[in-house]
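Note sheet for the following structure.
Both backbone and side-chain heavy atoms feed into the values below; hydrogens, waters and symmetry mates do not. First listed ligand is number 1; within each ligand, the first listed atom is number 1.
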Amino acid sequence: MAEKSFKYVILGGGVAAGYAAREFAKQGVQPGELAIISKEAVAPYERPALSKAYLFPEGTARLPGFHVCVGSGGERLLPEWYSEKGISLILSTEIAQADLASKTLTSAKGEAFKYETLIIATGSTVIKLSDFGVQGADAKNIFYLREIDDADQLVEAIKSKPNGKAVIVGGGYIGLELSAALRINNIDVSMVYPEPWCMPRLFTAGIAAFYEGYYANKGINIIKGTVAVGFGANEKGEVTDVKLKDGRVLEADIVVVGVGGRPLTTLFKGQVAEEKGGIKTDAFFKTSVSSVYAVGDVATFPMKLYNDIRRVEHVDHARKSAEQAVKAIFASEQGKSVDEYDYLPYFYSRAFDLSWQFYGDNVGDTVIFGDSNPTSATHKFGTYWIKDGQVVGAFLESGSPEENKAIANVARAQPPAGSLDELASEGLAFATKL
Ligand code: FDA
Ligand code: NAD
């Protein structure tokens with residue numbers, strides 16, 4: 001089969017790929033120099049929409065509405081944008097083999113793609129219950145959510161089971177966002193997760209208590225401290241029930257599983273240095289192999305602010321790491337350099353009429369402030385994380401854009417916390433006065 005050659009290839013067509021493409025154009029990439037190879041059938045889009053407005057019965061998001069870079073208020077890159085710039089968008093093409101020594105990628109269909117510089121932007125895949133051998137986990141209407149095809153299948157199932165019952169397995173991002181989305185579709189929702197409270201990777205018990213109370217008021221049945229160990233199915237192979245480890249059995253027409261992601265690094269095993277489950281990079285997202293970069297979910301990079309190396313599975317970093325890598329590639333070609341990546345972690349989520357933002361590091365002591373009563377009409381609350389006497393992380397539910405900016409500034413500046421009692425009573429004013 002014919003071989004195609006490009007100066008630059010981005011492997012993956014998700015968020016990082018889209019933002020990288022925009023930066024390539026800004027840097028003056030020439031027609032024919034850049035290709036994006038993606039197993040998805042559509043041009044890069046803002047993945048966060050899939051667990052939110054894509055699933056809503058009203059105000060539904062559909063492509064081309066949410067192609068990158070609308071999620072950060074930027075220009076929407078339609079498929080035509082790539083052709084106008086002479087960027088090859090090679091879609092529905094899964095790379096099955098990557099040979100970094102010969103700088104060749106080979107697709108599942110046997111096409112070969114050569115590159116001079118490669119950006120790995122393969123993102124994450126879902127962890128499946130069948131990976132742990134959960135019995136019946138391959139029944140129909142058990143869904144995972146990563147790509148637009150997954151979302152389309154879920155939308156079909158929601159339509160075909162009006163007023164049905166859903167069980168959401170997992171209490172992380174997917175669990176919380178999907179429970180809300182299904183409830184909004186008038187589905188009877190139960191959530192199951194093993195931990196004592198939801199989103200334990202980030203939330204304190206105090207933060208989680210608000211969301212659990214709020215979800216319960218929306219009619220969501222929360223079952224904690226147990227896991228799904230099996231699924232029943234009818235004669236058509238469709239899921240009918242979820243068996244829990246504590247012996248309970250929940251009826252289900254739809255199951256959504258969100259038990260974590262896994263960075264897609266398998267193509268590069270043994271060819272590139274890895275760390276903390278990802279591909280190890282420097283502050284310019286360059287890997288241990290010269291002319292190979294890794295960005296987004298797959299990159300384990302130096303987090304300058306904390307003198308640590310980390311991997312981040314969130315959209316803000318996917319966008320910024322992609323831009324940093326492309327700037328660094330162009331600078332190095334011109335014998336110049338760019339500043340080291342100096343990232344302030346930023347995570348957010350939205351569900352129902354709730355919206356939270358978090359900046360910084362969630363380590364050390366915590367104080368909660370504001371109105372965190374889930375039944376209050378004026379709920380607005382937050383949490384600070386304090387390490388070695390300094391505020392290092394800040395969380396805010398229902399903040400205004402200015403207030404969210406203020407907590408971001410706190411997390412970046414790491415001011416002295418003073419007395420924790422005073423910090424708690426001062427609350428948001430501590431951030432807004434900074
Ligand atoms: P991303 O997953 O976006 O893209 C990877 C691309 O590579 C995909 O197109 C994939 O098909 C392709 N690919 C992989 N292997 C390939 C191969 N072998 N050959 C060809 N193509 C291949 N974050 C946040 O901060 N706020 C939020 O609200 C959300 N919401 C959210 C919802 C949902 C449903 C998901 C799944 C994730 C989020 N996230 C999020 C996380 C965020 O979307 C995620 O961190 C970024 O999409 C990561 O961007 P990447 O480009 O690294 O991977
Ligand atoms: P996650 O890591 O946020 O949550 C996984 C959850 O799975 C855990 O909190 C736990 O409750 C649960 N769990 C683990 N094993 C289980 C088991 N056997 N049975 C039941 N529950 C179990 O992962 P996720 O929610 O699946 O999200 C996948 C990826 O998508 C992540 O990279 C995440 O960052 C990303 N994402 C981000 C956002 C956002 O930032 N707003 C939204 C959606 C998805």
Side-chain angles (χ1 to χ4, degrees), residues 10-20 36-52 54-55 68 71 90-98 105 107-108 119-127 129 131-132 134 144-151 154 167-178 181 191-195 197-203 223-224 226-229 244-245 256-267 278 294-299 311-319 321-322 345-351 355-358:
I10 303 173
L11 174 51
V15 174
Y19 280 75
I36 296 177
I37 307 177
S38 177
K39 74 178 158 64
E40 288 188 89
V42 293
Y45 59 88
E46 302 282 3
R47 195 163 307 284
L50 296 185
S51 52
K52 303 176 187 70
Y54 203 83
L55 304 175
V68 297
I90 302 169
L91 301 175
S92 306
T93 301
E94 179 167 9
I95 294 300
Q97 216 185 328
L105 307 174
S107 76
I119 301 183
I120 302 171
T122 39
S124 301
T125 186
V126 294
I127 296 174
L129 290 178
D131 298 347
F132 321 124
V134 173
Y144 297 84
L145 182 57
R146 184 78 212 174
E147 300 192 341
I148 205 156
D149 290 353
D150 306 324
L154 183 55
V167 173
I168 312 294
V169 179
Y173 287 96
I174 291 286
L176 285 167
E177 293 181 8
L178 269 287
M191 267 181 100
V192 183
Y193 47 89
E195 295 95 346
W197 64 78
C198 62
M199 196 89 95
R201 275 205 296 170
L202 178 65
F203 289 0
I223 302 170
K224 304 192 255 187
T226 191
V227 291
V229 290
L244 304 185
K245 195 172 183 186
V256 180
V257 183
V259 296
R262 184 184 296 130
L264 276 169
T265 60
T266 28
L267 285 173
V295 295
D297 281 12
V298 292
R311 211 167 55 72
V312 171
E313 292 180 356
H314 292 276
V315 75
D316 178 60
H317 161 72
R319 295 169 179 155
S321 58
Y346 162 45
F347 315 148
Y348 72 88
S349 183
R350 290 192 301 272
S355 170
W356 61 257
Q357 299 201 357
F358 166 82

Notebook entry, point to check: To the nearest 0.5 Å, what is the distance between CG (Asp297) and OG1 (Thr125)?
Noted result: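 That separation rounds to 11.0 Å.
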Could an N or O of ligand 2 be found under 3.5 Å from any N or O of [X], whether backbone or side chain?
X: His314; result: yes
X: Gly258; result: yes
X: Glu195; result: yes
X: Tyr193; result: no
X: Val169; result: no
X: Ser51; result: no
X: Phe132; result: no

Checklist line | Per-atom contacts, ligand 2 versus Gly170 - under 4.0 Å to a heavy atom | finding: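 In order of numbering, the contacting atoms are 7 (O), 12 (C), 20 (C), 21 (N).
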Note to self: Distance under 4.0 Å to a non-hydrogen atom of Glu177: what atoms of ligand 2 satisfy this?
What the structure shows: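 In order of number, 39 (C), 41 (N), 42 (C), 43 (C).
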Check: Counting only heavy atoms, which portion of Arg201 has something under 4.0 Å from ligand 2: side chain, backbone, both, or neither?
Finding: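 Side chain only.
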Next item on the list: With heavy atoms only and a cut-off of under 4.0 Å, state how Phe347 meets ligand 2: side chain, backbone, both or neither.
Entry: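 Contact part for Phe347 vs ligand 2: neither.
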Under 4.0 Å, counting heavy atoms only: does [X] come that close to any atom of ligand 1?
X: Val298; value: no
X: Tyr348; value: yes
X: His317; value: no
X: Leu11; value: yes
X: Ser349; value: no

Would you say ligand 1 has an N or O under 3.5 Å from any N or O of [X]?
X: Tyr346; result: no
X: Asp316; result: no
X: Glu147; result: yes
X: Ala318; result: no
X: Leu145; result: no

Nearest protein heavy atom with distance in Å, relative to [atom]:
atom: atom 35 (C) of ligand 2; answer: Glu313 O, 4.2 Å
atom: atom 39 (C) of ligand 2; answer: Tyr173 CD2, 3.1 Å
atom: atom 27 (O) of ligand 2; answer: Ile174 CG1, 3.4 Å
atom: atom 29 (C) of ligand 2; answer: Arg146 NH1, 4.0 Å
atom: atom 1 (P) of ligand 1; answer: Arg47 NE, 3.4 Å
atom: atom 21 (N) of ligand 2; answer: Pro194 CD, 3.2 Å
atom: atom 26 (O) of ligand 2; answer: Gly260 N, 2.8 Å
atom: atom 4 (O) of ligand 2; answer: Gly172 CA, 3.4 Å

Checklist line | Within-shell test, Ser124 vs ligand 2, heavy atom, strictly < 4.0 Å | finding: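 Judged by the 4.0 Å heavy-atom criterion, Ser124 does not count as contacting ligand 2.
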Item checked: Partner residues of Phe132 under the ring pair (Phe, Tyr, Trp, His ring centres under 6.0 Å) criterion, sequence neighbours left out ->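 Once residues adjacent in sequence are excluded, Phe132 has no partner under the ring pair (Phe, Tyr, Trp, His ring centres under 6.0 Å) criterion.
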Next item on the list: Test side chain to side chain contact (heavy atoms under 4.5 Å, CB included) on Ile90 and Ser38 and set out the steps.
Entry: CA-CA 6 Å; Ile90 302 169; Ser38 177; over 6 Å; no
Just heavy atoms, cut-off under 4.0 Å: does [X] contact ligand 1 by side chain, backbone, both, or neither?
X: Ala16; result: both
X: Leu264; result: side chain
X: His314; result: both

Next item on the list: Identify the residue among Tyr173, Phe347, Tyr348, Phe203 that makes a ring pair (Phe, Tyr, Trp, His ring centres under 6.0 Å) with Phe358.
Entry: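 That would be Phe347.
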Note to self: Ignoring hydrogens, what is the shortest heavy-atom contact between Arg47 and Val15? Give both atom names and the distance.
What the structure shows: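 Closest pair (atom of Arg47, atom of Val15, distance): N-CG2, 3.7 Å.
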Item checked: Option with minimal heavy-atom separation from atom 19 (N) of ligand 2, where the choices are Leu178, Val312, Val256, Val227 ->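 The residue whose heavy atom sits nearest atom 19 (N) of ligand 2 is Val227.
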